[in-house]
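Worksheet: one structure, shown below.
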Amino acid sequence: MIDSLIKKIIKMQNPTCVGLDTDFSYLPEEMRGGVTTFSEAAKRIFEFNKNIIDNVCDIVPSVKVQIAYYEMYGYYGLKAFNQTVNYAHKKGLIVIADCKRNDIGSTASCYSKAYLGKTQIGDKKIKAFPADMLTVNGYLGSDGIKPFVEDIKNNNKSIFVLVKTSNPSSGELQNLKLENGKYIYEQMGELVEEWGKDTIGKYGYSEVGAVVGATHPEEAARLRAQMPNTFFLIPGYGAQGGSAEMLKVCFDKRGLGGVVNSSRGILCAYKKPEYSGKNYYEAARAACIDMQNDLLSAIGKMGRK
């Protein structure tokens, strides 16, 4: 699936991932008015997402749907999550389920079936949430990752393992030094390269990717050098403080190697003065184009020789 994402990135000349981290408060006032139940809120959130997807699907290759923004509305929120994933698929987008799942091996296997594989019911195997990619937490070690690796091999899927996250306090643990002289995030990066070594595609990247934040360019540069076969999911651009110039170290000499997520900067673009006069989905499209131009100015053409 990483090859499919890279192919779309090259075709569109756009390494943007639209983060559908859709908080109800992000919706325009007219969409929030009169809503008093989880059911009504979830319906409006899906309507919002649907209109965003319709207006960006021809210019961006992927979306990331963060499940926490749906779980807080209970069953109805999970229904909106599922509707969003399925609708994005229908519109040709590659869908990353941002769930950061993991546990001991048997439980990790259940998480993997939910998002990457199929669940056995009688003599049938049925998809639950049909995502293309899933974020996972590798800090339980190899036994918690192996079920995901098996499912990505069997189902043409991909995962992104947390390596160096974009949040300000990530260094409290991830930047601690081990006895071998490596930082914890570097040790995790080494494991990610190992976990993906049997799944490398035609562009030289494996199906086991890494989450590497745009807000930590020094660490990102070290990881890119250390992880030549690992594709990066890059959060932290825009609202979290990461810039195109900071994150260009995540990309290789061909302008490949990562997809850059933006959530609030796109979902809430209609609130910004520069998009005044546009409705929320028109502003989202304009923000995606501006982000594309910003990224290309720093990284250059995607897929260059």
Check your understanding: Step by step, would you call Arg264 with Asp21 a salt bridge (Lys or Arg N to Asp or Glu O under 4.0 Å)?
Key -> CA-CA 8 Å; Arg264 280 172 289 170; Asp21 305 358; over 6 Å; no
**Study point:** salt bridge (Lys or Arg N to Asp or Glu O under 4.0 Å) between Glu40 and Lys43, worked out
**Key:** CA-CA 5 Å; Glu40 293 168 338; Lys43 287 178 181 178; over 6 Å; no
Exercise for review: Start with the C-alpha distance between Met291 and Val260, add both sets of side-chain angles, then the distance that settles side-chain contact (heavy atoms from CB on, under 4.5 Å), and finish with yes or no.
Suggested key: CA-CA 10 Å; Met291 179 176 172; Val260 184; 3.7 Å; yes
Practice item. Apply ring-ring contact (aromatic ring centres under 6.0 Å, His included) to Phe81 and Tyr70, showing your working. Key: CA-CA 6 Å; Phe81 172 86; Tyr70 301 84; 5.8 Å; yes
Review point. Can Arg285 and Asp58 be said to form a salt bridge (Lys or Arg N to Asp or Glu O under 4.0 Å), step by step?
Key: CA-CA 10 Å; Arg285 181 180 179 88; Asp58 62 322; 2.7 Å; yes
Exercise for review: Under the side-chain contact (heavy atoms from CB on, under 4.5 Å) rule, what do Leu178 and Gln187 come out as? Steps first, then yes or no, please.
Suggested key: CA-CA 9 Å; Leu178 301 168; Gln187 186 68 42; 3.7 Å; yes
Practice item. Step by step, work out the salt bridge (Lys or Arg N to Asp or Glu O under 4.0 Å) result for Arg222 and Glu186. Key: CA-CA 8 Å; Arg222 293 171 70 108; Glu186 290 181 297; 3.0 Å; yes
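Hydrophobic clustering (side-chain heavy atoms under 4.5 Å, transitive across Ile, Leu, Val, Met, Phe, Trp, Tyr) groups Met31 together with Ile53.
Between Leu256 and Phe251, every side-chain heavy-atom pair lies at or beyond the 4.5 Å cut-off. Side-chain contact between Asn175 and Tyr185 is present, with at least one heavy-atom pair separated by less than 4.5 Å. You'll find the side chain of Ser62 stays beyond 4.5 Å of the side chain of Lys8, heavy atoms only. Counting heavy atoms from C-beta on, the side chains of Asp294 and Asp290 never come closer than 4.5 Å. Side chains of Lys64 and Val18 form no contact here, defined as non-hydrogen atoms less than 4.5 Å apart.
Remark: Lys118 NZ is loosely packed, at most 12 non-hydrogen atoms of other residues, nucleotides or ligands lying under 6.0 Å away. Within a 6.0 Å radius of NZ in Lys153, other residues, nucleotides and ligands contribute more than 12 heavy atoms.
Here the shortest heavy-atom pairing between Gly189 and Val163 reads N-CG1, 4.0 Å.
Interatomic distance, Arg101 CZ to Asn137 CG, rounded to the nearest 0.5 Å: 11.5 Å. In this structure, Met133 CE and Ile94 CD1 are separated by 5.0 Å, a value rounded to the nearest 0.5 Å. Within the model, atoms CG of Asn261 and OG of Ser263 stand 4.0 Å from one another, a figure rounded to the nearest 0.5 Å. Rounded to the nearest 0.5 angstrom, Leu27 CG and Phe48 CZ are separated by 5.0 Å.
Of the charged side-chain nitrogens involved, none lies within less than 4.0 Å of a carboxylate oxygen, so that Lys202 and Asp3 do not count as a salt-bridged pair. We find that Asp151 and Lys157 are not joined by a salt bridge, their nearest charged nitrogen and carboxylate oxygen being 4.0 Å or further apart.
Each of Phe148, Phe160, Phe129 was scored for a ring-ring contact (aromatic ring centres under 6.0 Å, His included) with Tyr115, with one residue passing: Phe129.
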